[in-house]
Amino acid sequence: MEHILEVKDLSFAYQGKPVLKDVSFSIDKGDFLGVIGPNGSGKSTLIKCMLKILVPDKGEIRILGQDIRKFDGWSKIGYVSQKANSFNGDFPATVREIVGLNLIARSGIFGKRPKDYGDRIDDALIKVGMQEYGDKLIGRLSGGQQQRVFIARVLVSDPEILFLDEPTVGIDANSEEALYCLLARLVEELGITVVMVTHDIGAITVHANKLVCLGEDGFVVHDIHEPLTEEKLSKLYGYGVRLHGHRCHGCERNQGGAPC
Ligand SMILES: Nc1ncnc2c1ncn2[C@@H]1O[C@H](COP(=O)(O)OP(=O)(O)OP(=O)(O)O)[C@@H](O)[C@H]1O
Ligand SMILES: [Mg+2]
């Protein structure tokens, strides 16, 4: 069966400075892929190549069965960028308006709302547990709540793959854990495929089933069922990485057998 996303021998350089070199991996429907690695290792660059924001110098990307160069199913792809949750308190839009933006944009006729506009917004807000906040101004919510709204905004168009680039930056530990649980639930209950860049090695190894680690000397694809050692990670990061055991209080997932 064809993979939902396949990256083969991907290389990318900024003005001749190599960032990604011969990166290859694949994921299937319902996978939760974590992308980790030190600052500057190319995580965001990799995400941007998979979203066709950047064009690789070499290699192939296939997404939902099509070569990315000819891919026309972008409405099935959701993207939550790192800076998504930075609205100030006076931004004059409600949560429902923010979530509905994607529906209006995709309805084809500028400014026209689809018939099921309200229901789809309700649905998306329920999925992220923000149904009580629909009429609140987006800027008056906490960073973690705003992050949920931005996930609702991409869920409203029923994406098959959801890309998130460091969505937990600037939110507290509880909200971060809640976000991981929410993503794990979207994977398990809705069969959405998640690709997430993060620096939180402890939490991602609990929730993801696959990891791509970008490092100084290349990259490693790791199946979470095998133990991930501190030695392996430290070699990749180029400095000593401590792998603390992690227990998610939201969904009671444990990091099995990891060193503390
Ligand atoms: N537009 C650009 N032009 C030139 N170099 C860039 C550009 N964007 C990123 N780089 C460089 O490419 C390398 C990889 O950047 P990238 O943003 O992909 O790293 P990252 O792994 O996402 O880092 P972080 O963890 O800090 O977000 C870095 O050395 C960075 O300085
Ligand atoms: Mg980045």
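Start at 1 and go down the list; that is how both ligands and their atoms are numbered. This one's a predicted model, so the numbers in the text were calculated from it and none came from an experiment.
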K.L.:
Under a strict 4.0 Å criterion on non-hydrogen atoms, which protein residues are in contact with ligand 1?
P.N.:
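Within 4.0 Å of ligand 1, protein side: Tyr14, Gln15, Lys17, Val19, Pro38, Asn39, Gly40, Ser41, Gly42, Lys43, Ser44, Thr45, Glu166, His199.
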K.L.:
To the nearest 0.5 Å, how far apart are CG in Leu5 and CG in Asp31?
P.N.:
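These two atoms lie 10.0 Å from each other.
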K.L.:
Write down the atom of Arg148, the atom of Leu179, and the distance for their closest heavy-atom approach.
P.N.:
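So the two residues come closest at NH2-N, 4.4 Å.
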K.L.:
Of all the heavy-atom pairs spanning Ser24 and Asp9, show the shortest one and how long it is.
P.N.:
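Shortest heavy-atom separation between Ser24 and Asp9 comes out as OG-N, 2.8 Å.
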K.L.:
Mind checking whether Tyr180 and Phe32 have parallel, tilted or perpendicular rings, split at 30° and 60°?
P.N.:
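The arrangement is parallel - the two ring planes meet at less than 30°.
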K.L.:
What are the two closest non-hydrogen atoms of Met50 and Val7, and how far apart are they?
P.N.:
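Closest approach of Met50 to Val7, heavy atoms only: SD-CG2, 4.0 Å.
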K.L.:
Any N/O/S atom from Ser44 (main chain or side chain) under 2.8 Å of the Mg ion (ligand 2)?
P.N.:
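It does: Ser44 brings an N, O or S atom closer than 2.8 Å to the Mg ion (ligand 2).
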K.L.:
Using modelled atom types and a 3.5 Å cut-off, is there a donor and acceptor pairing between side-chain atoms of Lys210 and backbone atoms of Ser26?
P.N.:
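Judged by distance alone, yes, a pair lies under 3.5 Å.
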